Amino acid sequence: MRLIIMSRMTQCASCAGLFLVLAASLAIAKSIESVQTGDVQIGSRPMALVRDMDESPLKERLLSCDIEQFKASEFSIGHRGAPLNYPEHTRESYIAAAQMGAGIVECDVAFTKDRELVCRHAQDDLHTTTNIVTIPKLNAKCTQPFVPADPSTGTPARAECRTSDLTLAEFRQLQGKMTGSNPMATSPEAYIQNANGDQQMTRDRRGTVMTHRESIELFQALGVKFTPELKSPVVDMPFEGEYSQKAYARQMIQDYIDAGIHPAHVWPQSFNLEDVLFWIEEMPEFGRQAVLLDSDATTQSNTSVEFLKRLKAQGVHFLAPPLWKLLSTDEKGHIVPSAYAKNARTAGLNLIAWTVERSGSLDNGGGWYYSSVTEAINNDGDVLTVIDVLAQDVGVVGVFSDWPATTTFYANCMGLADPD
């Protein structure tokens with residue numbers, strides 16, 4: 001067969017694209033097969049992080065971790081796939097997350113102009129996560145088509161492209177890319193690169209964009225579970241006067257019902273309490289595991305046991321805050337659970353943390369995600385200390401990661417991997 005294909009390729013130059021597509025399809029099929037056979041690959045990064053840790057009993061235990069075959073773990077959640085090194089919310093990113101042992105993978109859900117659901121982190125991020133501005137017909141449909149920067153005045157480039165600007169057929173013409181843009185670009189091609197010259201961001205890596213239904217099908221094939229997030233619309237709802245927020249929330253869950261997915265395998269998420277309550281009240285089989293995402297600034301009232309018990313009484317069983325809300329430091333400068341985390345556990349809520357491996361180098365405090373424990377963060381290995389406090393002291397049931405190999409490694413070494 002290979003000889004036949006190559007022979008025909010020499011006769012038809014236009015077949016080159018088809019040959020590349022076929023090769024890519026075969027590579028994807030091989031990757032899926034490797035995941036299905038339990039071939040979890042964590043690579044070298046986790047142990048490099050261990051070696052970077054300060055001396056501690058945890059470091060000694062992780063250094064002595066001698067596991068021949070790593071297993072997938074639901075403790076390890078693929079945040080948009082594995083976007084540390086793959087374009088987020090693409091087929092390639094999702095497969096990479098599963099290969100690293102993520103037991104649950106996230107598809108953030110947005111809608112197109114014709115009300116089809118697609119995997120995108122935000123409704124209005126196509127100009128920074130895809131190649132849309134380099135496709136003239138699609139760029140023209142953007143809420144704000146690309147406008148080049150003016151170096152003489154220092155005026156930055158402008159663009160805003162939304163999923164709701166495109167039909168599904170048009171969305172399928174896009175390619176995912178590493179997130180970023182060059183604000184001083186004078187051409188569309190330059191705009192989709194990253195301004196700081198980071199090779200991870202600027203290398204010509206593309207990914208296959210996916211619909212929500214396609215992600216369900218892929219995740220089934222990969223043997224991972226589902227945590228879809230209903231993204232907050234940036235357009236007025238009801239969209240075009242008829243597509244309501246409830247219809248949007250219902251449609252996302254209906255995709256799982258239509259696919260025959262068991263509700264116990266799905267953790268639907270939203271930052272909007274009304275979405276979560278809608279699922280609890282109108283789609284209770286899926287509402288039992290609905291996750292309220294919470295990044296609100298902390299106050300005495302919204303971190304109190306009484307407030308958190310009221311959430312529980314409304315039927316909310318899962319709460320997912322960012323790292324900084326769950327962590328604090330003690331008088332010795334050690335990382336410990338925050339009062340909010342303790343109160344949430346007292347209220348009987350299951351906690352999920354986000355997001356590790358997202359802040360770049362941790363040499364200087366770790367940035368926003370680690371803002372409550374900055375004084376205790378001074379090297380990349382501290383991410384494993386954070387994960388350990390979350391798992392052992394806070395008692396989270398899962399951790400989102402941009403590189404799930406790290407959380408998979410920790411879960412396996414600490415006995416948190418899923419049983420066969």
Side-chain angles (χ1 to χ4, degrees), residues 40 42-67 70-79 84 100-104 319-345 349-418:
V40 172
I42 64 161
S44 60
R45 180 173 174 80
M47 191 53 75
L49 292 172
V50 174
R51 288 192 290 269
D52 198 40
M53 295 175 68
D54 296 332
E55 297 304 319
S56 68
L58 175 62
K59 179 176 182 176
E60 291 178 10
R61 179 167 178 177
L62 295 177
L63 279 173
S64 65
C65 181
D66 185 18
I67 295 176
F70 286 87
K71 299 177 182 178
S73 173
E74 290 178 17
F75 180 82
S76 179
I77 306 172
H79 180 241
L84 184 66
M100 294 180 206
I104 303 170
L319 188 64
L323 304 177
W324 63 264
K325 290 200 76 166
L326 293 172
L327 302 173
S328 184
T329 54
D330 63 14
E331 64 279 358
K332 295 181 180 179
H334 298 149
I335 300 173
V336 295
S338 67
Y340 169 88
K342 294 176 183 177
N343 290 342
R345 291 299 306 278
L349 293 164
N350 297 295
L351 294 171
I352 300 169
W354 49 275
T355 303
V356 297
E357 300 281 51
R358 186 158 185 82
S359 297
S361 173
L362 302 189
D363 291 348
N364 297 306
W368 182 82
Y369 286 93
Y370 300 88
S371 55
S372 63
V373 292
T374 293
E375 63 188 74
I377 303 293
N378 58 27
N379 61 66
D380 287 343
D382 283 330
V383 68
L384 287 161
T385 303
V386 165
I387 293 170
D388 188 61
V389 173
L390 291 169
Q392 307 301 329
D393 301 328
V394 175
V396 300
V397 298
V399 177
F400 280 90
S401 176
D402 275 16
W403 197 247
T406 302
T407 41
T408 300
F409 169 82
Y410 174 87
N412 276 260
C413 293
M414 303 299 286
L416 301 178
D418 300 342

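Model, not experiment: these values are computed from the prediction.
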*Asks:* When you check the side-chain N and O atoms of D363 and S361, is any donor under 3.5 Å from an acceptor?
*Replies:*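 The criterion, which ignores hydrogens and geometry beyond distance, is satisfied for S361 and D363.
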*Asks:* State whether the number of non-hydrogen atoms from other residues, nucleotides or ligands found under 6.0 Å of N364 atom CG is greater than 12.
*Replies:*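 Incorrect, the count does not exceed 12.
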*Asks:* Are L351 and V394 close enough that some pair of their side-chain heavy atoms sits under 4.5 Å apart?
*Replies:* yes
*Asks:* Which atom pair, heavy atoms only, marks the closest approach of A405 to P46?
*Replies:* O-CG, 3.7 Å
*Asks:* Measure the CG-CG distance between D380 and L362 for me, rounded to the nearest 0.5 Å.
*Replies:* 5.0 Å
*Asks:* Check the pair V399 / F75 against side-chain contact (heavy atoms from CB on, under 4.5 Å), numbers first and verdict last.
*Replies:* CA-CA 6 Å; V399 177; F75 180 82; 3.6 Å; yes
*Asks:* Determine, step by step, whether I377 and V386 satisfy the side-chain contact (heavy atoms from CB on, under 4.5 Å) criterion, reporting the C-alpha distance in whole Å, the side-chain angles of both residues, the deciding distance to 0.1 Å, and the verdict.
*Replies:* CA-CA 9 Å; I377 303 293; V386 165; 4.0 Å; yes
*Asks:* How are the rings of W354 and Y369 set to each other: parallel, tilted or perpendicular (split at 30° and 60°)?
*Replies:* perpendicular
*Asks:* Apply side-chain contact (heavy atoms from CB on, under 4.5 Å) to W368 and W324, showing your working.
*Replies:* CA-CA 8 Å; W368 182 82; W324 63 264; 3.1 Å; yes
*Asks:* Roughly how far, to the nearest 0.5 Å, is CD1 of I387 from CE of M414?
*Replies:* 11.0 Å
*Asks:* Looking at L319 and A344, what are the two nearest heavy atoms and their distance?
*Replies:* CD2-CB, 4.4 Å
*Asks:* Could you state the interatomic distance from CG (D54) to CG (L384), rounded to the nearest 0.5 Å?
*Replies:* 12.0 Å
*Asks:* Could you report the tightest heavy-atom contact between P404 and S76, atom names first, then the distance?
*Replies:* O-OG, 3.2 Å
*Asks:* With R45, which residues qualify under salt bridge (charged side-chain N to carboxylate O under 4.0 Å, His left out), at least two apart?
*Replies:* E357
*Asks:* Could you tell me whether the side chain of S73 and the main chain of L416 form a donor-acceptor pair under 3.5 Å?
*Replies:* yes
*Asks:* Give, for atom CZ of F70 and atom CE of M100, the distance between the pair rounded to the nearest 0.5 Å.
*Replies:*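 So the gap between those two atoms works out to 13.5 Å.
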*Asks:* For the residue pair V389 and I335, what are the closest heavy atoms and their distance?
*Replies:* CG2-O, 3.7 Å
*Asks:* I'd like to check T329 versus E375 (side-chain heavy atoms, cut-off strictly below 4.5 Å). Are they in contact?
*Replies:*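 In contact.
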*Asks:* Identify, with sequence neighbours excluded, every residue that meets salt bridge (charged side-chain N to carboxylate O under 4.0 Å, His left out) alongside E55.
*Replies:*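 Checked E55 against salt bridge (charged side-chain N to carboxylate O under 4.0 Å, His left out); matches are K59.
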*Asks:* E74 and I104: which non-hydrogen atoms are nearest, and at how many Å?
*Replies:*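 Result for this residue pair: O-CD1, 3.7 Å.
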*Asks:* So do the side chains of L323 and T355 get within less than 4.5 Å of each other, counting heavy atoms only?
*Replies:*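 No - every pair of side-chain heavy atoms lies 4.5 Å or more apart.
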*Asks:* Looking at every heavy atom in both I352 and P321, which two are closest together, and how far apart are they?
*Replies:*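 Closest approach of I352 to P321, heavy atoms only: O-CD, 3.1 Å.
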*Asks:* Dump the intermediate steps for side-chain contact (heavy atoms from CB on, under 4.5 Å) on M47 and L62, then the final yes or no.
*Replies:* CA-CA 8 Å; M47 191 53 75; L62 295 177; over 6 Å; no
*Asks:* Quick check: does any side chain N or O of S328 sit under 3.5 Å from a backbone N or O of S338, one acting as donor and the other as acceptor?
*Replies:* no
*Asks:* Nearest 0.5 Å please: distance from the CG atom of N412 over to the NZ atom of K71.
*Replies:* 8.0 Å
*Asks:* May I have all residue pairs that pass side-chain hydrogen bond (donor to acceptor under 3.5 Å, both in side chains) and include part of residues 381-404, sequence neighbours excluded?
*Replies:* H79-D402, R358-D402, D388-Y410, Q392-Y410
*Asks:* Is the shortest heavy-atom distance from the side chain of T407 to the side chain of I77 under 4.5 Å?
*Replies:* no
*Asks:* Would you mind reporting whether F409 and L49 have side-chain heavy atoms less than 4.5 Å apart?
*Replies:*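 With C-beta onward as the side chain, the pair stays apart.
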